[in-house]
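These numbers were taken from a predicted model, which means no experiment stands behind them. Counting begins at 1 with the first residue of the sequence.
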Amino acid sequence: QVQLVESGGALVQPGGSLTLSCAASGFTWEDYGLGWFRQAPGKEREGVSCISRGATGTYYDDSVKGRFTTTIDNANNTTVHLHMTNLKTDDTAKYYCAVRMYTSGRAMCGGSDMDFWGEGTTVTVSS
């Protein structure tokens, strides 16, 4: 059983930066890819950034490319950070991390049938 706990959500001004974290337990990169998804009010959940199984590559949605970076924690390789810069009001959403077995990053971010989800953390971008 994989458990995922997101943290770091906050209220931030447009143009600001924020880092989210996802702490995963019962998880191995050998079996799973891990991704960040978000759901804005009134919109469908969308993939933001997804790391392939084996941590061999990271996919970014066009909406965040160049602004968001996903890293694996150096000290704990089952914690993943989403570094968000130049935040826009359109980035306001609840952010979730999820894992999926035997997947590429692109396929994971384009899908919705994940094996496990976290509870999410809320990011609000507003002046």
Side-chain angles (χ1 to χ4, degrees):
Q1 182 84 2
V2 175
Q3 293 186 319
L4 304 165
V5 180
E6 303 94 336
S7 61
L11 170 64
V12 62
Q13 292 188 340
S17 300
L18 193 65
T19 295
L20 306 182
S21 298
C22 173
S25 59
F27 161 85
T28 65
W29 288 108
E30 182 178 348
D31 294 328
Y32 291 96
L34 186 149
W36 285 97
F37 296 77
R38 65 186 180 186
Q39 187 165 21
K43 295 188 178 180
E44 293 187 355
R45 188 151 48 188
E46 61 179 358
V48 172
S49 172
C50 296
I51 304 175
S52 301
R53 172 201 180 194
T56 55
T58 305
Y59 169 84
Y60 295 94
D61 184 78
D62 285 345
S63 65
V64 305
K65 204 172 291 183
R67 300 189 298 121
F68 290 12
T69 304
T70 297
T71 61
I72 299 172
D73 192 273
N74 287 332
N76 179 352
N77 77 343
T78 58
T79 295
V80 175
H81 306 293
L82 180 67
H83 307 280
M84 305 184 292
T85 64
N86 191 21
L87 283 160
K88 305 175 181 180
T89 54
D90 286 349
D91 296 317
T92 294
K94 193 165 187 178
Y95 285 71
Y96 301 85
C97 65
V99 296
R100 189 188 201 187
M101 292 191 82
Y102 309 129
T103 187
S104 70
R106 178 183 290 271
M108 186 176 187
C109 268
S112 59
D113 55 338
M114 304 301 127
D115 291 298
F116 297 97
W117 290 94
E119 296 290 320
T121 188
T122 299
V123 174
T124 304
V125 184
S126 175
S127 56

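Sorted by first and then second residue, the disulfide bond (SG atoms under 2.5 Å apart) pairs with a member in residues 76-127 read C22-C97, C50-C109; sequence neighbours excluded. Residue pairs meeting the salt bridge (Lys or Arg N to Asp or Glu O under 4.0 Å) criterion with at least one member in residues 48-62, sequence neighbours excluded, are D62-K65. Under the side chain to side chain donor-acceptor pair (under 3.5 Å) criterion, the residue pairs touching residues 5-21 are T19-H83, S21-H81, with sequence neighbours excluded. Among residue pairs with one or both ends in residues 6-32, those qualifying as ring-ring contact (aromatic ring centres under 6.0 Å, His included) are F27-W29, F27-Y32; sequence neighbours excluded. Pairs passing the salt bridge (Lys or Arg N to Asp or Glu O under 4.0 Å) check and including a residue from residues 15-35, sequence neighbours excluded, do not occur. Listed by first and then second residue, the side chain to side chain donor-acceptor pair (under 3.5 Å) pairs involving residues 108-119 are R100-D113 (not counting sequence neighbours). Evaluation of the salt bridge (Lys or Arg N to Asp or Glu O under 4.0 Å) test over residues 32-51, restricted to residues two or more places apart or in two chains, returns R38-E46, R38-D91. Note on residues 41-72: no pairs pass ring-ring contact (aromatic ring centres under 6.0 Å, His included), not counting sequence neighbours.
Two different hydrophobic clusters hold L11 and L82 under the rule that ILVMFWY side chains link at heavy-atom gaps under 4.5 Å. A continuous path of hydrophobic side-chain contacts links I72 to W36 [ILVMFWY only; heavy atoms under 4.5 Å].
For Q3, the CD atom sits in a loose shell: 12 or fewer heavy atoms of surrounding residues, nucleotides or ligands are nearer than 6.0 Å. The environment of CZ in R106 is sparse: at most 12 heavy-atom neighbours from other residues, nucleotides or ligands sit within 6.0 Å.
Hydrophobic clustering, defined by side-chain heavy atoms of Ile, Leu, Val, Met, Phe, Trp and Tyr closer than 4.5 Å, leaves V5 isolated from every other such residue.
For T78, the side chain to side chain donor-acceptor pair (under 3.5 Å) criterion is met by N76, not counting sequence neighbours. Residues forming a side-chain contact (heavy atoms from CB on, under 4.5 Å) with S127 (at least two apart in sequence, or on another chain): P14. By the side-chain contact (heavy atoms from CB on, under 4.5 Å) test, V123 is found to be paired with L18, L20, M84, Y95, V125, residues two or more places apart in sequence or in another chain being considered.
Between the CD1 atom of I51 and the OG1 atom of T71 there is a distance of 8.0 Å, given to the nearest 0.5 Å.
Among all heavy-atom pairs drawn from G105 and S52, the shortest one is N-OG, 2.9 Å. The two atoms that bring L4 and A24 nearest to each other are CD2-CB, 3.5 Å, heavy atoms only.
Looking at heavy atoms from C-beta onward, M114 lies out of side-chain contact with Y96 at the 4.5 angstrom threshold.
Here the options are T58, T70, V99, D73, the test is side chain to side chain contact (heavy atoms under 4.5 Å, CB included), and the partner is V80; only T70 passes. For the pairing with V12, the side chain to side chain contact (heavy atoms under 4.5 Å, CB included) check across T92, T124, L87 returns one residue only, L87.
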